[in-house]
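Reviewing the structure listed below.
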Amino acid sequence: MKYTQLGRTGLKVSRLVLGTMNFGPQTDEADSHAIMDAALDAGINFFDTANVYGWGENKGRTETIIGNWFAKGGERRDKVVLATKVYGNMAADGDAWPNHDKLSALNIRRAVDASLKRLQTDHIDLYQFHHIDRSTPFEEIWQAVDVLVQQGKILYAGSSNFPGYKIAQANEIAARRGGTIGLVSEQCLYNLAERRAEMEVIPAAQEYGLGVIPWSPLHGGLLGGVIKKEVEGGRRASGRAADSLADSSVRAQIQSYEDLLDKHGLEPGEVALAWLLTRPGVTGPIVGPRTAGQLDSALRAVELELSEELLAGLDEIFPGPGPAPEAFAW
């Protein structure tokens with residue numbers, strides 16, 4: 001496994017991030033524990049979750065599964081850089097009591113304590129804001145974060161799904177307050193097929209020293225060889241991938257992508273991950289394996305070297321917006 005610093009911090013994290021969103025809803029506890037053991041054995045030390053994972057009536061279930069894994073001992077907790085998130089409505093029926101969601105100081109305090117209990121740990125390494133809160137000023141958010149850092153309950157704060165201007169606003173206010181390091185990471189939707197983050201989010205992250213943690217690196221399976229799987233095994237795309245392939249222009253684009261990689265003898269999913277690892281500012285993509293086999297495929301991507309010819313071919317198929325601000329200025 002290869003490691004890098006998380007943004008401008010001294011924290012060393014693996015270049016693959018283990019996403020746990022499937023733990024509970026799609027992968028049972030025993031298999032989830034096996035995947036986490038395999039990830040740790042492979043050198044992945046960066047685990048990502050969120051308080052709402054488990055969804056519906058089972059919100060919090062994923063954190064509980066991770067907590068039970070930590071409780072097995074074997075230095076599991078000590079070896080893991082643990083990231084979770086706050087913002088979502090934790091009520092099973094979706095009808096949150098006032099102050100039981102978003103980023104008020106009251107909810108942040110309540111949510112941290114609840115996550116710590118489920119995770120069976122005394123601290124969270126990276127506490128991420130899952131979405132912007134248009135109603136809560138950053139002065140209040142940073143005050144709450146400062147208290148939690150002083151209490152030893154969290155070490156760093158990060159954002160998720162923030163636009164570039166909110167990253168700038170958050171860190172400028174942190175700097176004015178003094179003594180607050182501000183955001184150290186941004187978790188955003190970013191992959192070969194979805195490159196809008198290059199317009200402002202990634203430039204803002206680089207300017208302020210945030211590590212970029214892409215989620216959905218295979219774009220819901222679209223970049224994982226979906227057409228090839230249809231042809232060879234009769235397995236049809238579902239969800240976001242199926243919706244995208246219904247557009248003939250998208251299907252033609254993905255076919256070109258798979259043809260290019262077939263020419264080079266490479267697997268689509270592995271190349272999609274390896275491409276992200278070449279991108280400026282990217283700490284590591286989040287991989288959310290449902291099985292141990294899917295984890296093995298992701299691990300191979302870390303060692304994959306992409307030629308300049310292949311990178312140029314990928315840019316031709318998925319051109320992206322171009323450099324900012326020129327891409328939207330003229």
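Remark: Glu305 CD is loosely packed, at most 12 non-hydrogen atoms of other residues, nucleotides or ligands lying under 6.0 Å away. Around atom CD of Gln5, more than 12 heavy atoms belonging to other residues, nucleotides or ligands sit under 6.0 Å away.
Residues Met199 make up the rest of the hydrophobic cluster containing Phe328, defined by ILVMFWY side-chain heavy atoms closer than 4.5 Å, directly or through other members. Chaining together hydrophobic side chains whose heavy atoms lie under 4.5 Å apart leaves Tyr165 on its own.
No continuous path of ILVMFWY side-chain contacts below 4.5 Å connects Ile65 to Met90, so the two sit in separate hydrophobic clusters. The hydrophobic clustering, which links ILVMFWY residues whose side-chain heavy atoms are closer than 4.5 Å, places Val250 and Leu189 apart. Residues Leu311 and Leu261 are members of one and the same hydrophobic cluster, defined by side-chain heavy-atom contacts under 4.5 angstrom among Ile, Leu, Val, Met, Phe, Trp and Tyr. Under the 4.5 Å side-chain contact rule for hydrophobic residues, Leu119 and Leu155 do not share a cluster. Cluster annotation: Ile108 and Ile154 are assigned to the same hydrophobic cluster (Ile/Leu/Val/Met/Phe/Trp/Tyr, side-chain heavy-atom contacts under 4.5 Å, transitive).
Closest approach of Ala193 to Leu223, counting heavy atoms only: N-CD1, 4.0 Å. Heavy atoms only, all atoms of each residue included: Gly158 and Leu126 are closest at N-CD1, 3.7 Å. Residues Leu276 and Pro217 come closest through the heavy atom pair CD1-CB, 3.4 Å. Looking at every heavy atom in both residues, Gly284 comes nearest to Leu277 through CA-CD2, 4.3 Å. Nearest heavy atoms, Asn191 versus Ser216: ND2-O, 2.8 Å. The nearest pair of heavy atoms linking Ala111 to Asn51 is CB-ND2, 4.3 Å.
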Does the pair Lys85 and Asp48 meet the rule for a side chain to side chain contact (heavy atoms under 4.5 Å, CB included), with working shown?
-> CA-CA 9 Å; Lys85 309 183 195 75; Asp48 176 76; 2.8 Å; yes
- Query: Does the side chain to side chain contact (heavy atoms under 4.5 Å, CB included) test come out yes or no for Phe47 and Val17, once each step is laid out?
  - Reply: CA-CA 6 Å; Phe47 288 19; Val17 184; over 6 Å; no
Exercise. What do the steps show when you test Leu295 against Ile44 for side chain to side chain contact (heavy atoms under 4.5 Å, CB included), and what is the final call?
Worked result: CA-CA 11 Å; Leu295 177 62; Ile44 296 177; 3.9 Å; yes
Intermediate values then yes/no, side chain to side chain contact (heavy atoms under 4.5 Å, CB included), Tyr87 and Asp101: CA-CA 5 Å; Tyr87 178 87; Asp101 63 357; over 6 Å; no
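A salt bridge is defined here as a Lys NZ or Arg NE, NH1 or NH2 lying under 4.0 Å from an Asp or Glu carboxylate O, and Lys59 with Glu57 fails to meet this definition.
Put simply, the side chain of Tyr3 gets close to the backbone of Gly43: a donor and an acceptor are under 3.5 Å apart. Between the side chain of Thr9 and the backbone N or O of Leu11, at least one donor-acceptor pair lies under 3.5 Å. Within the 3.5 Å criterion, the main-chain N or O of Tyr190 finds no donor-acceptor partner in the side chain of Glu194. No donor-acceptor pair under 3.5 Å is formed between the side chain of Gln128 and the backbone N or O of Ala157. Ser159 places no side-chain N or O within 3.5 Å of a backbone atom of Phe162 that could act as its donor or acceptor partner.
Note that CD1 of Ile254 and OG of Ser244 are 7.5 Å apart. Values are rounded to the nearest 0.5 Å. Separation of atoms CG (Asn68) and OG (Ser32) is listed at 10.5 Å; rounding is to 0.5 Å. One distance of note links OG of Ser185 with CZ of Phe46; it measures 6.0 Å at 0.5 Å rounding. Note that OG of Ser160 is 4.5 Å distant from NE2 of His130, once rounded to the nearest 0.5 Å. In this structure, the separation between CG on Asn171 and CG on Leu210 is 5.5 Å, given to the nearest 0.5 Å.
Taking the salt bridge (Lys or Arg N to Asp or Glu O under 4.0 Å) definition, one finds that Glu270 meets it with Arg300, sequence neighbours left out. Partners of Asn161 under the side chain to side chain donor-acceptor pair (under 3.5 Å) rule, at least two apart in sequence or in another chain, are Trp215. Residues passing the salt bridge (Lys or Arg N to Asp or Glu O under 4.0 Å) test with Arg110, sequence neighbours excluded: none. When the salt bridge (Lys or Arg N to Asp or Glu O under 4.0 Å) test is applied to Arg251, the partners found at least two apart in sequence or on another chain are Glu230. With sequence neighbours excluded, the residues forming a salt bridge (Lys or Arg N to Asp or Glu O under 4.0 Å) with Glu198 are Arg195, Arg279, listed by chain and number.
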Distance-only criterion, 3.5 Å: show the donor-acceptor pairs between side-chain atoms of residues 77-84 and protein atoms not counting sequence neighbours.
unit_1	atom_1	unit_2	atom_2	d
Arg77	NE	Thr121	OG1	2.9
Arg77	NH1	Val80	O	2.8
Arg77	NH1	Asp125	OD2	3.2
Arg77	NH2	His123	O	2.9
Arg77	NH2	His123	NE2	3.2
Arg77	NH2	Asp125	OD2	3.1
Thr84	OG1	Glu63	OE2	2.6

Name the atoms and distances for all side-chain donor-acceptor pairs under 3.5 Å in residues 134-143, with sequence neighbours left out.
unit_1	atom_1	unit_2	atom_2	d
Thr136	OG1	Asp133	OD2	2.7
Glu140	OE2	Ala105	N	2.9
Trp142	NE1	Ala170	O	2.9

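Between Tyr257 and Phe318, the distance from one ring center to the other falls under 6.0 angstrom. For Trp69 and Phe23, the ring centers sit 6.0 Å or farther from each other.
Legend: salt bridge (charged side-chain N to carboxylate O under 4.0 Å, His left out) pairs involving residues 152-179, not counting sequence neighbours, sorted by first then second residue: Asp113-Lys153, Asp146-Arg177. Residue pairs meeting the salt bridge (charged side-chain N to carboxylate O under 4.0 Å, His left out) criterion with at least one partner in residues 179-192, sequence neighbours excluded, are absent. Applying the salt bridge (charged side-chain N to carboxylate O under 4.0 Å, His left out) test to residues at least two apart or on different chains, the pairs with a partner in residues 22-44 are Glu29-Arg61, Asp37-Arg76.
Looking only at atom types and distance, the side chain of His33 has a donor-acceptor partner in the side chain of Lys72 under 3.5 Å away.
At a threshold of 4.5 Å between non-hydrogen side-chain atoms, the residues Lys2 and Glu303 count as touching.
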